[in-house]
S.K.: 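Just dropping this structure here.
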Amino acid sequence: MLKSHSCGELRKGDVGKRVTLAGWVDRRRDHGGLIFIDLRDRAGVSQVVFNPEVASSCHETASQVRSEYVLNVSGEVALRPSGTENLQLATGEIEVIAGDCTILSTSETPPFYINQEVEVEESLRLRYRYLDLRRPRMLRNLTLRHRVVEYIRNFLNAKGFLEIETPIMIKSTPEGARDYLVPSRVHPGKFYALPQSPQQLKQLLMVAGVEKYYQIAKCFRDEDTRADRQPEHTQLDLEMSFVTEEDILGLIEELFTSLVTAIKPDMKVITPFPRVTYDDAIARFGTDHLDLRFSMETGDLSDIVADSEFAVFRDTVVAGGKVKGICAPGCSSYSRHQLDELNKMAQGLGARGLLTVALGDTPGSLDDLTLDMVKSVAARFLTLEQVKGIAGRLGAGMGDLLLIVAGDPKVVNKVLSELRAEMGNRLELADPNTLAFAFIQDYPLLKWDEELGRWDSEHHPFTAPKEEHIPLLDTAPERVRSQCYDIVCNGYELASGSIRIHDSELQHKIFSLLGYSDEEIQQRFGTMLEAFHYGPPPHGGIAPGIDRLVMLLAGEETIREVIAFPKNQSAVDLTLDAPSPVTEEQLAELHLQLRDE
RNA sequence: GGCCCCGUAGUGUAGCGGUCUAACAUGCCACCCUGUCACGGUGGAGAUCAGGGGUUCGAAUCCCCUCGGGGUCGCCA
């Protein structure tokens, strides 16, 4: 080793020791005579003093050094002269008196600050990701991620799970997201696909008798990116045999709560995790990836306004739509501009409009409310009783602002859930140090796909219906609930899972319901159905997203901040400049020809 | 594919129709400096204002297109 100690570990107790350090020049302070260099490695920073009277050639070397040069320094650890200690620094009581110094490598001036926490354009950071990762924030995030994965492995290993790798090149199945395809050289015209998840493989592992499986698995989806979505992401993929929904939820709750306690003890977790049915989630929050850190629940106002003079509301209800709203506490004094912003946001999400109702100027009892204190374009169409009814339903008082949307229930819920998140943000209602996990249960098994004119899986086709709902598959598929569950946290979907079908008859029936021909079923799922003829155990699992989990623990806004080499919004890897063209020879070998477009 | 936002020295920002020959901070270069730690001091270099077109007597500034980046809707079983 070129170092005897790390730059971050030296303390008072090391005084007098002769040490050798190696690291990067974080900062150099040249006093003409004395030169101070903060030498940085992964563990931290130590101040090295270069004194011409102690080692003149060494001092000469130090004067040539610039930021991010890599140095090897030997010297004695000394107590800093009294009065010059730096309490900001863990190593601030000592310094290393350089006796010998070698420049291991030089560095050009970096394209952005490495020793300062300044926001830099993300594309530049990604182009020089190896420099970006030198910055404390990134090092912190990567370290956190490592510890999370380490914790998960230890936790599951202790519970008797086997970590098993599954292939990255598998078979394409056209349902779900678009596959990333890998052309086969050996088999002209045939392709592998990168897994969207190891779903079928882990179920085969259950048939194989593994009983408890997990994997830190890379998953690939060729869909557009978002702040919390990348073309490839990492899941804790997990599957167990002979379990019920309760077993899976209990395991995950124990894992997550103990993980947070161990790794981020300063963060609050609400236990036990609240359980919300899908229908309740939609009714109360307009979305199933809800944020339970604050209330501001939506309220259905349809019955109150059905007979109102306000045509927009009345007509919506008559046409089978819904009128719902939320209450933004203390926002009755919102300016015209602020209201316009919210209106624009609502319209951007598909609402025809947003009705705002300001209840007086100051806090107080609703009993004192009079119609002329109500500021709203709909005020003259509503009775005082109706306004009070609406306010009551939304838990509003004087001084509050009501945000009301009318229209198709899907749109109304979408818009209100986004407005709720927005207002929660603006009013700082969501404590950034709280992780509000929740289980969402009782999802519908199927959803009607308008475009294709057929039923489609809400989760995936291997999800088991609730036992007692199986008869409904023939009579009222829309009413069938599944043994499917999500974990959400602070407004993000963190995990999805289900108890799987282990009966090949039932599985076959679901496939048929989804409109697959026998031939298609055989072609896409033949192996699994066949495997299910050989004693498949009842089984189920779940797959929490590691990127999102670490993002929440790190307090970051995007998962890119917790991925070493992420892709940008256009799915480009700016570090390596991928994707890139390939040679004609490569294409020919793969029996591929590019189309003119 | 739609909508919204952004693009000014290496970096981060200011400037938003004329006095911009583009400012500030920091970084960079040179010199001075033996107790600093975001060291200090003096001086200097550094920007076709993303690119193209238009409006105007005059454009970093207004309009259009293109490119690049971000957010989002669609999409993500």
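Sequence lines set the chain letters: A, B, ... in the order given, protein chains first and strands last, and positions in each chain run from 1.
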S.K.: In whole Å, measure the gap between the P atoms of G27(B) and G41(B) for me.
M.R.: 11 Å
S.K.: Would you tell me whether Q47(A) and R29(A) have side-chain atoms, one donor and one acceptor, within less than 3.5 Å of each other?
M.R.: yes
S.K.: I'd like to know if R221(A) reaches the base of C76(B) with its side chain such that a donor and an acceptor end up less than 3.5 angstrom apart.
M.R.: no
S.K.: Is it the case that U36(B) (base atoms only) and Q47(A) (side chain only) share a donor and an acceptor within less than 3.5 Å, ignoring hydrogens and angles?
M.R.: yes
S.K.: Taking only the P atom of each, what is the distance from C76(B) to U11(B) in whole angstrom?
M.R.: 39 Å
S.K.: Going by modelled atom types, is there a donor-acceptor pair between the base of G71(B) and the side chain of Q569(A) at under 3.5 Å?
M.R.: yes
S.K.: Can R40(A) and D38(A) be said to form a salt bridge (Lys or Arg N to Asp or Glu O under 4.0 Å), step by step?
M.R.: CA-CA 6 Å; R40(A) 182 194 72 234; D38(A) 293 338; over 6 Å; no
S.K.: Answer with base, sugar-phosphate or nothing: what part of the nucleic acid does Q230(A) contact at a heavy-atom distance below 4.0 Å?
M.R.: nothing
S.K.: Which of these nucleotides, C37(B), U26(B), C73(B), is closest to any side-chain atom of Q116(A)?
M.R.: U26(B)
S.K.: On the side chain of R226(A), is there an atom forming a donor-acceptor pair with the base of G74(B) - under 3.5 Å, no angle test?
M.R.: yes
S.K.: Report the residue (D30(A) or Y113(A)) whose heavy-atom-nearest nucleotide on RNA chain B is the more 5′ of the two.
M.R.: Y113(A)
S.K.: As a test of reading the structure: which of U11(B), C37(B), C73(B) is closest to the side chain of R80(A), going by heavy atoms?
M.R.: C37(B)
S.K.: Is there a donor and acceptor pair, one atom on the side chain of E95(A) and one on the base of G35(B), closer than 3.5 Å?
M.R.: yes
S.K.: Could you check whether Y213(A) and Q215(A), counting side-chain N and O atoms only, form a donor-acceptor pair closer than 3.5 Å?
M.R.: yes
S.K.: Between the base of G74(B) and the side chain of D224(A), is there a donor-acceptor distance below 3.5 Å?
M.R.: yes
S.K.: Which base, if any, makes a Watson-Crick or G-U wobble pair with G35(B), both distances under 3.5 Å?
M.R.: none
S.K.: Between A60(B) and A47(B), how far apart are the two C1' atoms, rounded to whole Å?
M.R.: 11 Å
S.K.: Quick check: do C7(A) and R42(A) have side-chain heavy atoms less than 4.5 Å from each other?
M.R.: no
